[in-house]
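Structure first, then comments.
Each ligand, and each atom within it, is numbered from 1 in the order the structure gives.
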Amino acid sequence: MTEIKEFERLGNIGWSENFIVFESIDSTNNYIKQMCDVLSDGHIVVSGMQYGGRGRQGKSFYSPEGGLYMSVLVKEPRKVCEPLFTARVCLAVCRALEELCGSEKGKEIGIKWVNDVYYKGKKLAGILCERHNMPDGKACVVVGIGINLKIDRSKMPRELRSIVTGVFDITRKQTDRIKLAVSVCEKLKQVFDVKTNEQTILDEYKQKSIVLGNEITVIKDGDFARVRALDISPDGALLVKYEDGLVGKLSGGEISVRLKK
Ligand code: BTN
């Protein structure tokens, strides 16, 4: 089975080679949460579609056939406590997608703070990292990644049609979902390596940011504010300047960002 061969590569680089592949599931994150006490660190769950895909802030994540929906269980205490956790995951996804799309097109892949991966102003992938307490009281993180591969705009909700893109739109080639999942895990291994320091992560995250230096709209509890994105602080928060000149520090949780049209 090619799937087994692919996942074996992860064992060779020192990542767990434990995996489960579903044709369809409610949510790969839910699965891992429910099974976290029996699954080992690094366990990967991949699905071809999700009927209850979840995004940030309690939103649903449209997960039709033709995408890669994966979750990875992180139990190792050092990794669970790693600063810039979500930034690391974003970089791993970007690196895997850049490799897949080639360096020229890969340059156009960027990160919309906090955790969306964009290509030419459209969403290519979303990331949901969920901290979870296991039955033994220890914390783990469920890293959920959804990557649009070949999207069928005619079937998707109207409001998404013009704001999302897929790997096929970039490469014009079919993507092997399992190979991409393994590649993402290889990159996760790199970004969580003890030798990769925070400054390196922060620099690369900033360099890939598509919001820094730009005017954006931030939305919190239904309130909108026009701001300029100034910087990302060492803890991953976004530093912004409001129209009245005040400077603020925004942390991911309940805030959404809209790019200027
Ligand atoms: C977002 O865009 O708000 C984050 C989307 C995260 C989607 C992935 S797909 C795999 C995993 N399972 C889920 O239910 N969500 C994440």
Side-chain angles (χ1 to χ4, degrees), residues 19-36 39 42-74 85-94 96-97 109-119 121-132 140-151 156-157 159-167 175 177-178 180-185 187-188 208-211 218-220 236 238 250-259:
F19 70 94
I20 307 172
V21 180
F22 290 97
E23 268 177 39
S24 111
I25 193 170
D26 66 334
S27 153
T28 53
N29 268 32
N30 288 356
Y31 180 87
I32 289 213
K33 274 195 202 169
Q34 283 152 14
M35 304 290 286
C36 62
L39 302 179
H43 198 111
I44 305 158
V45 177
V46 175
S47 184
M49 68 161 293
Q50 300 182 117
Y51 45 87
R54 293 186 296 103
R56 282 180 66 231
Q57 302 175 332
K59 292 185 189 144
S60 61
F61 183 75
Y62 179 62
S63 314
E65 262 178 67
L68 165 61
Y69 312 103
M70 64 184 281
S71 298
V72 181
L73 175 60
V74 176
F85 191 102
T86 302
R88 286 171 203 265
V89 176
C90 286
L91 291 181
V93 173
C94 282
L97 286 168
I109 296 172
I111 300 167
K112 180 172 141 268
W113 185 86
V114 188
N115 52 358
D116 285 336
V117 176
Y118 268 57
Y119 176 79
K122 293 185 178 182
K123 183 159 167 169
L124 179 59
I127 291 156
L128 177 68
C129 298
E130 297 186 287
R131 229 155 245 278
H132 180 68
C140 65
V141 183
V142 181
V143 174
I145 300 167
I147 303 179
N148 302 324
L149 296 180
K150 193 165 186 191
I151 53 179
M156 66 171 42
E159 66 277 13
L160 293 181
R161 287 181 195 169
S162 61
I163 57 173
V164 300
T165 190
V167 172
T175 298
R177 193 189 313 130
I178 302 300
L180 180 56
V182 170
S183 170
V184 168
C185 291
K187 311 305 178 207
L188 285 172
K208 290 197 189 330
S209 169
I210 59 168
V211 304
V218 293
I219 307 154
K220 186 175 184 203
L238 183 66
L250 311 176
S251 45
E254 299 116 45
I255 290 167
S256 314
V257 162
R258 263 190 216 158
L259 303 171

Quick check: closest heavy atoms across Glu130 and Asn29, and the distance to 0.1 Å? OE1-ND2, 2.9 Å
If you take all heavy atoms of Ser71 and Gly144, which pair is closest and at what distance? OG-CA, 3.9 Å
Excluding sequence neighbours, so at least two apart, what forms side-chain hydrogen bond (donor to acceptor under 3.5 Å, both in side chains) with Thr175? none
I'd like to check the ring pair (Phe, Tyr, Trp, His ring centres under 6.0 Å) partners of Tyr31; sequence neighbours left out, ordered by chain and number. Phe22
Partners meeting ring pair (Phe, Tyr, Trp, His ring centres under 6.0 Å) with Phe85 (sequence neighbours left out): Phe192
Beyond-backbone contact of Lys208 with Cys90, side-chain heavy atoms, under 4.5 angstrom: no
Which N/O atoms of ligand 1 sit under 3.5 Å from a protein N/O, and at what distances?
| from | atom 1 | to | atom 2 | distance (Å) |
| --- | --- | --- | --- | --- |
| ligand 1 | 2 (O) | Lys123 | NZ | 2.5 |
| ligand 1 | 3 (O) | Arg56 | N | 2.8 |
| ligand 1 | 12 (N) | Thr28 | OG1 | 3.2 |
| ligand 1 | 12 (N) | Gln50 | OE1 | 2.9 |
| ligand 1 | 14 (O) | Ser27 | OG | 2.8 |
| ligand 1 | 14 (O) | Arg54 | N | 2.7 |
| ligand 1 | 15 (N) | Arg54 | O | 2.7 |

